[in-house]
There are 2 protein chains.
Amino acid sequence: MKSVKQKSAPRAATRSDTLRSQLENLIVDGHLKPGERLDETELASRFNVSRTPVREAIKSLVATGLAEIRGRQGASVTVLSIPVLLEMFEVMATLEGMCSGFAARRSTAAQRTRLREIHTELIRANEAGEPEAFYKVNALFHDTIYEASHTNFIAEQTWQLRRRLAPYRLRVTYQPGRMQATLVEHLRIIEAIEAADGKAATQAAMDHVKLLGDDLPDFIASIQKSIIGD
Amino acid sequence: MKSVKQKSAPRAATRSDTLRSQLENLIVDGHLKPGERLDETELASRFNVSRTPVREAIKSLVATGLAEIRGRQGASVTVLSIPVLLEMFEVMATLEGMCSGFAARRSTAAQRTRLREIHTELIRANEAGEPEAFYKVNALFHDTIYEASHTNFIAEQTWQLRRRLAPYRLRVTYQPGRMQATLVEHLRIIEAIEAADGKAATQAAMDHVKLLGDDLPDFIASIQKSIIGD
DNA sequence: AATTACTATTCTGCATACATAATGGTAGCA
DNA sequence: TGCTACCATTATGTATGCAGAATAGTAATT
């Protein structure tokens, strides 16, 4: 789901847009940690452009919440407090639930097959002990559900929120037992979608995203490692 | 709820930020209709600034979804399709529901009193036949609920989505019977919050936002008037 | 030794200039 | 008369220059 927002127009890639996308990926992939400074001149020279497109890219990131600006003191990658993170997970659970619910009612046979394939691949990655691969394929699983939901706005919102949370989830994925649990939860979602049971699919997806039981303290503890400095 | 996102820092108002806010208000208030062009040079001369802050403001609007850019062909106020609008209302209902639910559990006595006051004012505006006043006070009612929810992210998201939908709702508010119905629905929400009944509050708010029965075709019919050109 | 004040440097915010793509209009040709 | 091609104009994208604010570092005073 590289581009939910892709429009009909071929849109010539401007430096500004390219940069935004690059910076976004750096943040989402954890190469730019929350709290890290986004120095305009440094980024400009690093990407061989002038400060103008850099500034515009940063403005976009700020508007989407990935970066924040404090007065005239430059931008930095957004640092999310734990209360806010919990709220975001709550919304995320709801949105994922909606996507799964729609997917149960609207998915094509090909998309359901695709989900099974991805699930198989996830099992493989887990058994092979490849957390990085697991992380990527897992994202693919969710992207496929968004697509299968045949929604525009909801899928886009869910995807965006997922990316905002990504920097904080990176470390969680690798925690022992989490991958195994994910597989079980995914299976529940898949089966509900295959059964065209919207309610069950919604519930399964919500449960999957929600931070329950032991995961919550683990998650909170892991957050500190995601943030720069302190 | 002028600024949910207001941070501790005093943040010196930059021209770029001021402009973004101004343009946002123009869009939300319907003075810039969906589809209307956002000419950089024209806006620059109109607001007596250079193109740079104008561009940055537009970039922000695009990132938040209020405006859209097609390639190198300039920006314009976002035109939402009916399917997307319906999705947005669905998410809106969920978010409003969450806010009300939280408000039922977290609101202060002062905030509950405030809701009653606003409700009284709404009744007055209705009886006096002042739809513009009704519209404004109505927004205040919802802002107060967001505040009473004592959430950060959720309230902010709800508020933002509300603003994105605003241009399309302007005409709906004035439809006959809608104000009367709103009052009844608001009362349900207030009573649920006063009873500290989270579930009931959530449900009441969702029902209030959802487009039900006759409202849907009315709404769809009214949209055309909101859009420029065609 | 610690704190404060001042200065210098750095970085942000804004304006302007230039290059390139898109649009509109006109002229030429079929 | 209608269509196409070319040119002019306009507007967007990018670079650069300048002014002002913030930060850091140093020196001076208590």
Side-chain angles (χ1 to χ4, degrees), chain A residues 5-24 26-27 32 35-64 66-79 228-230, chain B residues 3 5-24 26-27 32 35-63 66-79 228-230:
Chain A
K5 55 170 62 167
Q6 78 179 173
K7 291 290 183 293
S8 49
R11 74 175 323 178
T14 68
R15 288 183 218 276
S16 169
D17 285 337
T18 315
L19 249 173
R20 182 190 48 69
S21 158
Q22 286 175 318
L23 290 178
E24 222 181 274
L26 284 177
I27 294 173
L32 282 174
E36 196 155 349
R37 189 66 179 287
L38 296 174
D39 190 288
E40 294 179 3
T41 43
E42 191 239 327
L43 290 172
S45 65
R46 169 131 65 109
F47 289 95
N48 266 62
V49 291
S50 80
R51 274 178 52 225
T52 308
V54 173
R55 282 180 61 81
E56 293 187 352
I58 289 178
K59 273 278 170 188
S60 285
L61 295 179
V62 169
T64 53
L66 277 169
E68 54 191 356
I69 279 184
R70 292 180 305 279
R72 210 187 171 98
Q73 299 161 34
S76 49
V77 180
T78 301
V79 178
I228 214 82
D230 288 338
Chain B
S3 51
K5 55 171 62 168
Q6 76 180 174
K7 292 290 184 292
S8 50
R11 75 174 326 179
T14 67
R15 290 183 217 275
S16 169
D17 285 337
T18 315
L19 249 172
R20 181 190 49 69
S21 158
Q22 286 175 318
L23 290 177
E24 222 181 276
L26 284 177
I27 294 173
L32 281 174
E36 198 156 348
R37 189 65 179 285
L38 297 174
D39 190 286
E40 294 179 4
T41 44
E42 191 239 328
L43 290 171
S45 65
R46 168 132 65 109
F47 289 96
N48 267 60
V49 292
S50 80
R51 274 177 53 224
T52 308
V54 173
R55 284 180 59 82
E56 293 185 351
I58 289 178
K59 273 279 172 188
S60 286
L61 295 180
V62 170
L66 277 170
E68 53 192 356
I69 281 184
R70 291 181 306 279
R72 208 188 172 98
Q73 297 160 31
S76 49
V77 181
T78 301
V79 178
I228 211 87
D230 288 340

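Every heavy atom of this structure was used, including side-chain atoms; hydrogens, water molecules and symmetry mates were not. Chain letters run A, B, ... following the sequence lines, proteins first, then strands; residues in each count from 1.
- One can place CG of A:L38 at 14 Å from P of C:dC11, the figure rounded to the nearest angstrom.
- Going from atom CZ of B:F47 over to atom P of C:dA15 covers 14 Å, rounded to whole Å.
- Atom CD of B:Q73 and atom C1' of C:dT23 are 10 Å apart (whole Å).
- Separating the CZ atom of B:R70 from the P atom of D:dG13 is a distance of 12 Å, rounded to the nearest angstrom.
- A search for side chain to side chain donor-acceptor pair (under 3.5 Å) contacts involving B:S76 returns B:R70, not counting sequence neighbours.
- Evaluation of the salt bridge (charged side-chain N to carboxylate O under 4.0 Å, His left out) rule for A:E40 yields A:R51, A:R55 as partners, not counting sequence neighbours.
- Partners of B:R37 by side chain to side chain contact (heavy atoms under 4.5 Å, CB included), not counting sequence neighbours: none found.
- Nucleotide C:dC14 holds its P atom 15 Å from the CD atom of B:E40, rounded to whole Å.
- Contacts of residues 50-61 of chain A with DNA chain D (heavy atom under 4.0 Å): A:S50, A:R51, A:T52, A:P53.
- Scored by the side chain to side chain donor-acceptor pair (under 3.5 Å) test, A:T41 finds A:D39 as partners (sequence neighbours excluded).
- Separating the CG atom of A:D39 from the C1' atom of D:dT23 is a distance of 13 Å, rounded to the nearest angstrom.
- If you take CD of A:E68 and C1' of C:dT12, they are 17 Å apart, rounded to a whole angstrom.
- For A:S16, the side chain to side chain contact (heavy atoms under 4.5 Å, CB included) partners are A:T14, A:P53, A:E56, B:K59, not counting sequence neighbours.
- Out of D:dT12, C:dT12, C:dC14, the shortest distance to the side chain of B:R15 is found at C:dC14.
- Residues A:A13 and A:T18 share a closest heavy-atom pair of CB-OG1, 4.2 Å.
- Between A:I69 atom CD1 and C:dT12 atom P there is a gap of 9 Å when expressed in whole angstrom units.
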